[in-house]
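The structure appears below as structure tokens.
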Amino acid sequence: MLKKLSLTFIFLLYAVILLAVLLVVRFPKDSVVTRLEQKIENRFSGYSCEINDIKYVYPRSVMIEGVTITNPDQQSQLPATNILVTPDLKNILTRFDMSLELFEGTLNTTVILHRDSNRVELSTLEITGVNLKEVSFIEQSLGRGVDGILELSGRYSGGRGQIINGSFSGTIAIKDFQMELKRPILQSKQVVFSELRTFIQLKNGLV
């Protein structure tokens, strides 16, 4: 699942960087949306991207609304609506705050782009309220129904071209978890627990 969330963030980060560049050169909004969709689709072969709207939010933020990234071959969809990007005025193209809605939850982070080392740092990364029931690829991977609320907080660092293989350290929690069993165990048809919380380290795709 962490790899899937990392992939989602790759798409969103790439979109934000492209958006910043396109806004600087002052493309009309419709052209910005169209070119942003095309750039993402060209960069990530096999995926289609749809963006409903982009608008300015007072005093210094940009809202990207209705972002949906789909892989028709895998029948998977990565929805991220209402992405709010707020640049640091002192480092407008290398540091910004980003928040977005994802699977009924929210993701908040501060993104720092290190140009000298070609790395990306998420100095604060917090995910709250993600509904596991809405994350279709989990059910597809496990072959059974899953329900619960995911929370995650920590720090991430990785190369711009290899974000999935970066390093993360922090806390992950799952609350109100339920998972169907393929076969009953002692007359129980589900695995149920109220909360699971643990410290996790991820490096180069290994936990």
Side-chain angles (χ1 to χ4, degrees), residues 1-20 40 43-44 47 64 67 69 71 74 76-88 91 93-142 146-177 179 193 195-207:
M1 179 177 177
L2 288 174
K3 286 189 176 181
K4 289 286 187 179
L5 291 174
S6 298
L7 180 61
T8 302
F9 187 77
I10 291 173
F11 287 123
L12 299 179
L13 178 61
Y14 187 72
V16 167
I17 295 172
L18 282 173
L19 174 64
I40 292 175
R43 177 63 179 81
F44 300 99
Y47 287 85
I64 312 173
V67 180
I69 299 169
N71 185 329
Q74 299 180 8
S76 61
Q77 190 177 76
L78 302 174
T81 60
N82 298 336
I83 305 171
L84 184 67
V85 181
T86 305
D88 183 330
N91 305 279
L93 292 179
T94 59
R95 185 184 180 105
F96 52 89
D97 293 329
M98 183 171 71
S99 65
L100 58 97
E101 299 172 10
L102 186 67
F103 300 118
E104 297 186 0
T106 58
L107 182 153
N108 294 283
T109 187
T110 297
V111 181
I112 304 173
L113 305 178
H114 297 280
R115 293 183 175 180
D116 53 343
S117 59
N118 200 34
R119 296 185 66 78
V120 177
E121 178 184 354
L122 310 183
S123 58
T124 57
L125 173 61
E126 183 175 359
I127 298 174
T128 58
V130 170
N131 186 348
L132 296 180
K133 195 172 184 178
E134 298 297 320
V135 189
S136 60
F137 57 76
I138 294 181
E139 184 172 341
Q140 292 170 3
S141 299
L142 296 176
V146 176
D147 198 0
I149 302 299
L150 172 71
E151 297 182 352
L152 181 147
S153 63
R155 186 184 186 94
Y156 172 87
S157 177
R160 292 197 204 182
Q162 298 177 327
I163 289 184
I164 294 178
N165 294 325
S167 300
F168 170 81
S169 61
T171 301
I172 184 170
I174 301 177
K175 300 180 178 180
D176 301 324
F177 180 80
M179 183 177 70
F193 56 79
E195 182 175 354
L196 171 66
R197 184 179 299 271
T198 185
F199 178 79
I200 186 172
Q201 286 186 310
L202 175 69
K203 187 173 183 180
N204 298 327
L206 299 176
V207 177

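The structure displayed is predicted, hence computed values, not measured ones.
- Asn108 is linked by a side chain to side chain contact (heavy atoms under 4.5 Å, CB included) to Ser99, Thr106, counting only residues two or more places apart in sequence or in another chain.
- The two residues Ser167 and Lys203 have their closest heavy-atom pair at OG-CG, 3.5 Å.
- Here Ser157 contributes atom OG and Ile112 contributes atom CD1; the two are 9.5 Å apart, rounded to the nearest 0.5 Å.
- Lys175 is listed as a side-chain neighbour of Arg197, based on a closest heavy-atom distance under 4.5 Å.
- We find the CZ-CE distance between Phe96 and Met98 to be 6.0 Å, quoted to the nearest 0.5 Å.
- Across Ser169 and Gln201, no two heavy atoms sit closer than the pair CB-CG, 4.1 Å.
- The closest side-chain heavy-atom distance from Phe103 to Leu150 is not below 4.5 Å.
- The minimum heavy-atom distance linking Thr124 with Thr109 is given by the pair O-OG1, 2.7 Å.
- In this structure, CG on Asp176 lies 9.5 Å from CZ on Phe193, to the nearest 0.5 angstrom.
- Under the side chain to side chain contact (heavy atoms under 4.5 Å, CB included) test applied with Glu104, the options Leu132, Asn131, Val135 reduce to a single match, Asn131.
- Considering CG of Leu107 and CD of Glu101, their distance stands at 11.5 Å, rounded to 0.5 Å.
- The residues Arg119 and Glu121 are annotated as not salt-bridged, no charged nitrogen and carboxylate oxygen being separated by less than 4.0 angstrom.
- Distance check: Asp88 CG to Thr110 OG1 gives 9.5 Å after rounding to the nearest 0.5 Å.
- To the nearest 0.5 Å, the span separating CG on Asp147 from CD1 on Ile174 amounts to 11.5 Å.
- Residues Arg95 and Pro87 have side chains not in contact (no heavy-atom distance under 4.5 Å, counting atoms from C-beta outward).
- When all heavy atoms of Gly129 and Ile149 are compared, the closest pair comes out as CA-CG2, 3.6 Å.
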